[in-house]
Amino acid sequence: MRYDPQRPLVVQSDSTMLLEADHALSEETAASISRFAELVKTPGHIHTYRMTPLSLWNAASSGMDAEQILDVLNQYGKFDVPLQARQNIIHFVSRYGLVKLRLDGQKLLLVSDEPGLLDKLAGYKSLQTYFIGGDASEGLEVAAAYRGMIKQDLIRLGFPVQDVAGYHHGERLPIRLKDVSASGDSFILRDYQKAAVDAFYDGIGQHGGSGVVVLPCGAGKTVVGIAALARLQCAALILTTNVASVRQWKRELLSKTDLDEELVGEYGGSRKEVRPVTIATYQILTHRHRKEDGFSHMSLFSERDWGLIVYDEVHLLPAPVFRATADIQATRRLGLTATLVREDGREEDVFSLVGPKLYEAGWKDLEHKGWVSKVQCTELRVPMPERIRESYVRAESRSKHRIAGENPLKLQVLRDVLEQHRDDQTLVIGQYLDQLKRISADLNAPMISGEMPHEERDGLYARFNRGEIRTLVVSKVANFAIDLPDARVAIQVSGSFGSRQEEAQRLGRILRPKLEDNRAFFYSLVSDDTREQEFSVHRQLFLLEQGYRYEIRKAEALQAAEMEEGGAT
């Protein structure tokens, strides 16, 4: 067996991999294996990755074959790839495309070149509802209405479907990208943005046009969506996370394309405009008057002959929208996200119903090229006052997280960090409104939460962008889709348990490239020796996978009097 101690990776028989985090080739290796594996845990100096069926299918869908994956493992591995791991890679990669959906005239057929496989699938009771009887010599005919559902069920059986049945064009909409944006700046697609659009749809044939593009926050995912729309020249429904994002999409569309404002509609609480390009929130789609009622606005999917559905922040797609998406598989679908991680474990449904990962640009790669800021990540461990510690010890499990999150001594550490960055535009982000209100009052800094009307929020964002406000305190509403290009510092004072999504989104608020010194700083304040510390390890997994590293420091000890004063707060 080959052994090379100079290499950083150990591949194990169970398809897990151990990477030496301090090795000179660690970052390079992590970038290579993250194309087909996911980071599981990061204790000490060893990071553990796992190759899962879904991670291998996503790699296969983006063009990697088993031989290329094995080449990477042999390049960085200390030992030969174990036989069991090798067999798993070959087995699961070969499963992608083993069954396909294609059109034969007006018939939707499930086909396979694997002898006997269709007979095996036809024998599954869970699939029989989807098939139409008749001659199966050319394939199993599937009722068109079940195109989405059969893909969901087949992937759960271990057979990811390659859908080449094509898509209809939808209502035609002439649209052209401008060379100069509304702000007067020259506008041209960056190389990775063009590559993402090409991966989504190359115009050669009818099969391209369903899948997910993964780009860091601040890298221009909105631009990719707009460019895909310009490539397709069709009516589009754009679904996103909140009203601020709706307005951002509209501004970008009007700034960077020749669309007339009358052709772009907002569909939300106060406006219900259905136009050739319509932008709506997931919240309005899932609205219902009572729990037992149907969804009031899900009919938006059929209001026009859409040629493209864009799912912004696709990792947040609500379950009811999955069900609607299963019904529109003949419409092209583009998912945009910074991370394929879903906290509800429904990554397979994204793969089946929106599409596989078609393109991903590495966060650190874009950082090296200057397209996103170079971020220094620091976790500050904050001591806890004795009286608060006593309450923490007695508390129930769920309450412990909040007590640790609202640790009053974080306020002094926050002040210290702000003093270090007194000349920088800074966001203070947290989970708990009471905590944020105290911080806002103490710092004499404005606070934005979901309770604030959108017009007031927009006004504060504008003042922040103009430099009139140096420090802005924000709740979870700032996790997604706000355009604050000059924000250089983000200080996280509390978070949603172990949410990897949230950690990535919050860091994303400061990733937009800076004009002069292209650096940014992300701080996470964590109560020392608490469950919050445990959750922070999990929160950081996705960013560690992208090549970021957290420097962990103890916040300087405070005077005993301050400790007691904090305990009495």
Side-chain angles (χ1 to χ4, degrees), residues 11-17 30-41 47-66 68-70 72-73 84-101 121 126 148-163 199-200 210-215 311 313-317 319 322 325-326 329 333-362 498-501 504 538 541-542 544-546:
V11 183
Q12 303 189 112
S13 295
D14 62 357
S15 294
T16 59
M17 296 176 287
S32 296
I33 65 177
S34 64
R35 297 173 63 193
F36 53 82
E38 59 186 39
L39 185 62
V40 179
K41 54 185 177 180
H47 292 181
T48 304
Y49 289 76
R50 178 185 294 121
M51 292 177 284
T52 67
L54 189 61
S55 71
L56 292 169
W57 292 333
N58 267 314
S61 71
S62 63
M64 290 193 85
D65 59 29
Q68 290 172 307
I69 293 171
L70 290 167
V72 170
L73 299 181
Q84 184 64 52
R86 176 185 294 270
Q87 290 175 337
N88 282 344
I89 292 167
I90 294 170
H91 171 74
F92 286 114
V93 170
S94 68
R95 281 282 180 108
Y96 180 70
L98 194 60
V99 288
K100 299 179 181 179
L101 279 172
L121 296 179
S126 61
M149 285 182 279
I150 194 171
K151 288 192 290 186
Q152 282 181 289
D153 280 356
L154 280 169
I155 199 171
R156 288 168 188 147
L157 292 171
F159 295 97
V161 178
Q162 187 174 8
D163 188 342
F200 174 67
S210 174
V212 177
V213 168
V214 183
L215 293 176
Y311 300 90
E313 310 291 2
V314 71
H315 60 285
L316 296 174
L317 201 64
F322 274 124
T325 302
Q329 294 295 295
R333 303 169 306 284
L334 170 61
L336 300 171
T337 185
T339 166
L340 284 172
V341 169
R342 285 184 64 94
E343 305 301 342
D344 63 1
R346 296 191 65 166
E347 290 91 347
E348 286 186 353
D349 284 332
V350 174
F351 185 101
S352 299
L353 298 179
V354 179
K357 180 176 68 176
L358 298 176
Y359 182 85
E360 180 172 12
S499 174
R500 294 162 291 173
Q501 293 175 358
H538 193 263
L541 279 178
F542 175 74
L544 290 168
E545 190 175 63
Q546 298 302 313

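Model, not experiment: these values are computed from the prediction.
Legend: residues meeting side chain to side chain donor-acceptor pair (under 3.5 Å) with Gln68, ordered by chain and number and at least two apart, are absent. Scored by the side chain to side chain donor-acceptor pair (under 3.5 Å) test, Tyr49 finds no partners at all (sequence neighbours excluded). Not a single side chain to side chain donor-acceptor pair (under 3.5 Å) links Ser352 to another residue, sequence neighbours left out. By the side-chain contact (heavy atoms from CB on, under 4.5 Å) test, Ser62 pairs with no residue at all, sequence neighbours left out. A search for side chain to side chain donor-acceptor pair (under 3.5 Å) contacts involving Ser13 returns nothing, not counting sequence neighbours. Shown here are the salt bridge (Lys or Arg N to Asp or Glu O under 4.0 Å) partners of Arg95, two or more places apart in sequence or in another chain: there are none. Asp65 is linked by a salt bridge (Lys or Arg N to Asp or Glu O under 4.0 Å) to nothing, counting only residues two or more places apart in sequence or in another chain.
For the residue pair Arg333/Ser210, the side-chain donor-acceptor check at 3.5 Å is satisfied.
Counting only residues at least two apart or on different chains, the salt bridge (Lys or Arg N to Asp or Glu O under 4.0 Å) pairs with a member in residues 347-358 are Arg156-Asp349, Arg346-Asp349, Lys357-Glu360.
Considering only heavy atoms from C-beta on, Arg342 comes within 4.5 Å of Val350 through its side chain. Counting only heavy atoms from C-beta outward, the side chains of Val214 and Thr339 never approach each other to under 4.5 Å. Leu334 is listed as a side-chain neighbour of Val213, based on a closest heavy-atom distance under 4.5 Å. The shortest side-chain heavy-atom distance between Met17 and Gln12 does not fall under the 4.5 Å cut-off. Between Phe351 and Pro160 the shortest side-chain heavy-atom distance falls below 4.5 Å. At least one side-chain heavy atom of Leu101 sits under 4.5 Å from a side-chain heavy atom of Ile150. No side-chain heavy atom of Thr52 sits less than 4.5 Å from a side-chain heavy atom of Phe36. Taking 4.5 Å as the limit, some side-chain heavy atom of Phe159 sits within range of a side-chain heavy atom of Leu121.
Contact between Ala59 and Arg35 at its shortest, heavy atoms only, is CB-O, 3.5 Å.
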Pairs under 3.5 angstrom only: tabulate donor-acceptor contacts from the side chains of residues 85-92 to other protein residues two or more places apart or in another chain.
unit_1, atom_1, unit_2, atom_2, d
Asn88, OD1, Gln84, NE2, 3.3
Asn88, ND2, Ser15, OG, 3.2

May I have the step-by-step check of side chain to side chain contact (heavy atoms under 4.5 Å, CB included) for Gln162 and Val99, ending in yes or no? CA-CA 6 Å; Gln162 187 174 8; Val99 288; over 6 Å; no
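The pair Lys100-Asp163 fails the salt-bridge criterion, with no side-chain N (NZ, NE, NH1 or NH2) lying under 4.0 Å from an Asp/Glu carboxylate O.
When atom types are taken as modelled, the side chain of Glu38 and the backbone of Ser34 share no donor-acceptor pair closer than 3.5 angstrom.
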